[in-house]
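Structure record follows, encoded as structure tokens.
Each ligand, and each atom within it, is numbered from 1 in the order the structure gives.
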Amino acid sequence: LGPTITVGEILVEIMATTVGAGFLEPQSLTGPYPSGAPAIFIDQVARMGGAAGIIASVGNDDFGRLNVERLRRDGADVSAIATSADWPTGSAFVRYRPDGARDFVFNIARSAAGQIALTPAAEALVQRAGHVHVMGTALSIPGAREVILYAIETVCARGGSVSLDPNLRKELLTDDGALESFDKVLAAADLLLPSGDELLTAAGVSEEAGAVARLLEGGIGEIVLKRGEQGASFFGRDRPRVDCAAFAVAEIDPTGAGDCFGAAYLTCRRKGMTPEAALLHANAAGARNVTRLGPMEGVSTLAELTAFIAETPRR
Ligand code: ADP
């Protein structure tokens with residue numbers, strides 16, 4: 001079946017370099033780095049040699065060009081990235097707390113990403129696609145969620161599949177439409193890629209085993225739970241649970257790890273690997289990503305993942 005596609009925000013990320021510093025006073029910043037959870041995801045699929053495309057909108061500016069050129073170079077189909085004449089490419093400002101948590105200032109809804117629509121190029125990509133991956137962050141953009149729901153319907157009608165990374169960001173969950181569309185996507189998902197409490201939130205159940213059981217009964221085929229430096233776990237409807245310890249790496253920047261993890265898992269499964277092998281590669285993709293500053297700087301090729309798995313000890 002056709003390429004893996006996603007829909008959503010492309011932006012640049014600019015980070016405070018001092019841990020603990022807020023944005024109420026001037027900070028040393030680094031960036032711009034190409035970013036946007038859907039963009040990081042699709043770049044990682046492409047880097048692994050998977051057919052990949054993204055429906056998005058950027059401004060007619062250097063922040064947009066930086067992103068499109070990176071995605072093109074890494075092999076993603078950029079034909080459905082529109083260039084808005086009126087709106088700039090969005091941005092995210094990130095600061096890290098001493099405990100490793102992150103706070104974001106997003107400028108997405110009032111950026112070119114807010115203009116995402118079903119253009120003729122987007123329609124053509126949907127018609128070729130075999131899999132739709134949905135990033136929760138994109139559901140906060142009204143235009144994007146319309147395209148997402150249309151893509152799911154179209155691709156599923158052809159026998160394609162759907163994955164969902166809830167990626168719930170409190171800064172972005174501002175309207176009812178986002179939550180309503182989240183439930184629709186969840187109902188259509190074959191693969192769910194939650195991290196932390198997102199599993200419990202998605203299931204509406206307060207502990208892990210119950211949440212997994214509820215979601216598998218609800219029709220999701222595979223759940224892969226991301227546990228940060230604790231690694232990850234696989235739960236399947238007809239297969240035994242698999243736990244995978246994280247690789248022992250020094251974390252420089254956690255942003256993008258979950259997106260690379262999800263992309264690697266999905267791409268390995270679409271290439272025919274078992275859940276166990278896909279989980280190992282996904283763990284490696286997440287771990288490699290955190291060793292680099294910048295959300296998209298630590299994406300991996302399949303060969304890089306293979307070498308990393310062979311040479312890196314686990315926690
Ligand atoms: P998200 O970015 O979606 O919150 P996580 O932080 O759980 O997701 O990271 C995704 C995956 O990346 C983890 O399941 C793990 O495999 C890997 N990973 C993340 N942080 C680390 C780390 N510090 N050391 C090793 N692996 C990590």
* Structure fact -> Among non-hydrogen protein atoms, atom 23 (N) of ligand 1 lies closest to Glu251 OE1, 2.8 Å

* Taking atom CZ of Arg110 as the centre, does the number of heavy atoms from other residues, nucleotides or ligands within less than 6.0 Å exceed 12? -> no

* Determine whether the side chain, the backbone, both or neither of Arg315 has a heavy atom under 4.0 Å from any heavy atom of ligand 1. => side chain

* Structure fact -> Residue, atom and distance of the protein heavy atom nearest atom 9 (O) of ligand 1 read Ala257 CB, 3.8 Å

* Structure fact -> Under 4.0 Å between heavy atoms, the region of Val290 that gets near ligand 1 turns out to be side chain

* Asked: Where the side chain of Thr267 meets the backbone of Gly50, is there a donor-acceptor pair that is under 3.5 Å apart?
  -> no

* **Within 6.0 angstrom of Glu304 CD, more than 12 heavy atoms from elsewhere** => yes

* **Proximity of Phe247 and Phe308 rings by center, below 6.0 Å** => yes

Please list, one pair per line, the donor and acceptor atoms closer than 3.5 Å that link side chains of residues 273-282 to other protein atoms, with sequence neighbours excluded.
from: Thr274; atom 1: OG1; to: Ala277; atom 2: N; distance (Å): 3.1
from: His281; atom 1: ND1; to: Ala277; atom 2: O; distance (Å): 2.8

* Structure fact -> for atom 14 (O) of ligand 1, nearest protein heavy atom and its distance come out as Gly231 O, 2.9 Å

* Counting each atom of ligand 1 from 1 as listed, which ones have a heavy atom of Arg227 under 4.0 Å away? -> 7 (O), 14 (O)

* Heavy atom of the protein closest to atom 2 (O) of ligand 1 (residue, atom name, distance) -> Gly258 N, 3.0 Å

Distance-only criterion, 3.5 Å: show the donor-acceptor pairs between side-chain atoms of residues 181-194 and protein atoms not counting sequence neighbours.
from: Ser181; atom 1: OG; to: Gly177; atom 2: O; distance (Å): 2.9
from: Ser181; atom 1: OG; to: Ala178; atom 2: O; distance (Å): 3.0
from: Asp190; atom 1: OD2; to: Val162; atom 2: N; distance (Å): 2.7

* To do: Around atom 25 (C) of ligand 1, find the nearest protein heavy atom and jot down its residue, atom name and distance.
  => Phe247 O, 3.2 Å

* Asked: Taking 4.0 angstrom as the limit, do Asp243 and Arg241 come out as a salt bridge?
  -> yes

* Polar proximity ligand 1 side, Val249 side, N/O cut 3.5 Å exclusive -> no

* Structure fact -> Within 4.0 Å of some non-hydrogen atom of Ala287, the atoms of ligand 1 are 17 (C), 25 (C), 26 (N)

* Asked: For the atom pair OG (Ser163) and CZ (Phe41), what is the distance rounded to the nearest 0.5 Å?
  -> 5.0 Å

* Asked: To which protein heavy atom is atom 11 (C) of ligand 1 closest, and what is the distance rounded to 0.1 Å?
  -> Phe261 CD1, 3.6 Å

* Tell me which part of Asp259 gets within contact of ligand 1: side chain, backbone, both or neither, using heavy atoms under 4.0 Å. => neither

* Is the side chain of Arg158 donor-acceptor paired with the backbone N or O of Ala129 at a distance under 3.5 Å, no angle test? -> yes

* Structure fact -> Nearest heavy atom to atom 13 (C) of ligand 1, choosing from Ser195, Ala232, Gly228, Gly286, belongs to Gly228

* To do: Could you pull out, from Glu229, Arg102, Lys226, the option with a heavy atom nearest to atom 3 (O) of ligand 1?
  => Lys226

* Under 3.5 Å donor-acceptor, Arg97 side chain and Gly20 backbone -> no

* **Which of the ligand 1 atoms, numbered from 1, are nearer than 4.0 Å to a heavy atom of Asn283** => 15 (C), 16 (O)

